[in-house]
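The next block holds one structure in the form of structure tokens; read it before the comments.
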Amino acid sequence: QVRLVESGGGLVQAGGSLRLSCAASGRTFTLLSMGWFRQTPGKEREAVATVTWSGDRTYYSDSVKGRFTISRDNDRRTVTLQMDSLKPEDTAVYYCAADDIGYLRTYVPKSPADFGSWGQGTQVTVSS
């Protein structure tokens with residue numbers, strides 16, 4: 001099991017930026033694909049951005065493409081989500097997730113079912 005701890009959420013005005021960080025422990029980080037998901041009340045959890053264990057491939061949802069950037073630092077065992085040009089519709093609880101068998105997959109994981117470990121979530125609120 002991977003333990004994930006998120007930080008960096010908060011309140012920001014539309015057009016502003018936030019940076020989310022996630023620290024991982026408990027498993028070999030370089031074997032994990034990592035992702036950021038978000039969820040609002042009454043809606044399913046959706047992938048925002050994911051990165052493969054090797055770091056060579058990423059996935060972005062259409063709604064954040066060009067505004068958000070996911071990156072990983074294997075030495076520090078962290079994954080970050082840089083969020084720029086934030087919009088009110090980005091308001092959600094954001095979750096960090098780890099795909100424990102990421103090194104075995106041939107595709108970029110983006111379904112919540114691909115990720116077996118989750119952080120506690122951090123609130124991001126974008127005011128208009």
Side-chain angles (χ1 to χ4, degrees):
Q1 189 74 13
V2 182
R3 182 169 181 264
L4 303 171
V5 178
E6 301 116 333
S7 61
L11 172 65
V12 65
Q13 288 189 330
S17 297
L18 279 176
R19 186 179 179 88
L20 304 182
S21 292
C22 174
S25 61
R27 289 286 299 274
T28 303
F29 186 72
T30 51
L31 297 181
L32 307 174
S33 291
M34 301 295 296
W36 287 96
F37 290 72
R38 67 186 181 188
Q39 189 170 25
T40 54
K43 291 191 175 182
E44 293 186 355
R45 193 170 295 188
E46 62 170 357
V48 174
T50 66
V51 58
T52 56
W53 65 278
S54 57
D56 62 341
R57 289 177 292 169
T58 56
Y59 162 81
Y60 292 95
S61 68
D62 288 342
S63 60
V64 308
K65 204 171 291 183
R67 300 188 297 121
F68 291 11
T69 304
I70 188 170
S71 60
R72 62 186 297 155
D73 185 331
N74 288 340
D75 290 335
R76 297 187 177 185
R77 301 173 60 89
T78 58
V79 61
T80 61
L81 184 68
Q82 177 66 40
M83 305 186 293
D84 299 317
S85 302
L86 282 160
K87 304 175 181 180
E89 50 264 44
D90 294 319
T91 295
V93 177
Y94 283 71
Y95 296 90
C96 176
D99 175 6
D100 303 46
I101 58 170
Y103 66 100
L104 295 176
R105 301 193 198 277
T106 58
Y107 57 90
V108 182
K110 57 181 180 290
S111 166
D114 289 330
F115 293 80
S117 299
W118 296 84
Q120 79 285 0
T122 185
Q123 178 69 46
V124 171
T125 303
V126 184
S127 62
S128 57

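Index from 1, following the sequence.
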Testing Ser21, Ser7, Ser71 for side-chain hydrogen bond (donor to acceptor under 3.5 Å, both in side chains) with Thr80, which one passes? Ser71
Gap separating the [atom1] atom of [X] from the [atom2] atom of [Y], nearest 0.5 angstrom:
| X | Y | atom1 | atom2 | result |
| --- | --- | --- | --- | --- |
| Trp53 | Asn74 | CH2 | CG | 10.0 Å |
| Asp84 | Leu18 | CG | CG | 9.5 Å |
| Met83 | Thr69 | CE | OG1 | 11.0 Å |
| Tyr59 | Ser111 | OH | OG | 10.5 Å |
| Gln120 | Arg3 | CD | CZ | 8.5 Å |
| Arg72 | Thr58 | CZ | OG1 | 12.0 Å |

Heavy-atom pair of closest approach, residues Ala14 and Ser128: CB-CA, 4.4 Å
Do you know the tightest heavy-atom contact between Gln1 and Ser117? NE2-OG, 3.6 Å
Polar contact flag, side-chain donor to acceptor under 3.5 angstrom, Arg38-Ser63: yes
N/O donor-acceptor pair under 3.5 Å between [X] side chain and [Y] backbone:
| X | Y | value |
| --- | --- | --- |
| Arg77 | Arg27 | yes |
| Arg67 | Ser85 | yes |
| Tyr103 | Thr30 | no |
| Arg105 | Asp99 | no |

Should Phe29 and Trp118 be counted in the same cluster of Ile, Leu, Val, Met, Phe, Trp and Tyr side chains packed under 4.5 Å apart? no
Are Val124 and Val48 connected in the hydrophobic side-chain network, where two residues link if heavy atoms are under 4.5 Å apart? yes
Whether Tyr94 and Phe68 hold their rings parallel, tilted or perpendicular, with breakpoints at 30° and 60°: tilted
Less than 4.0 Å between a side-chain N and a carboxylate O, is that true for Asp62 and Lys65? yes
Checking ring-ring contact (aromatic ring centres under 6.0 Å, His included) for the pair Phe115/Tyr95: CA distance, chi angles, key distance, verdict? CA-CA 11 Å; Phe115 293 80; Tyr95 296 90; over 10 Å; no
Decide if atom CZ of Arg57 counts as having more than 12 heavy atoms of other residues, nucleotides or ligands within a radius under 6.0 Å. yes
With side-chain contact (heavy atoms from CB on, under 4.5 Å) as the test, would you mind laying out the steps for Asp114 and Thr50 before giving the verdict? CA-CA 11 Å; Asp114 289 330; Thr50 66; over 6 Å; no
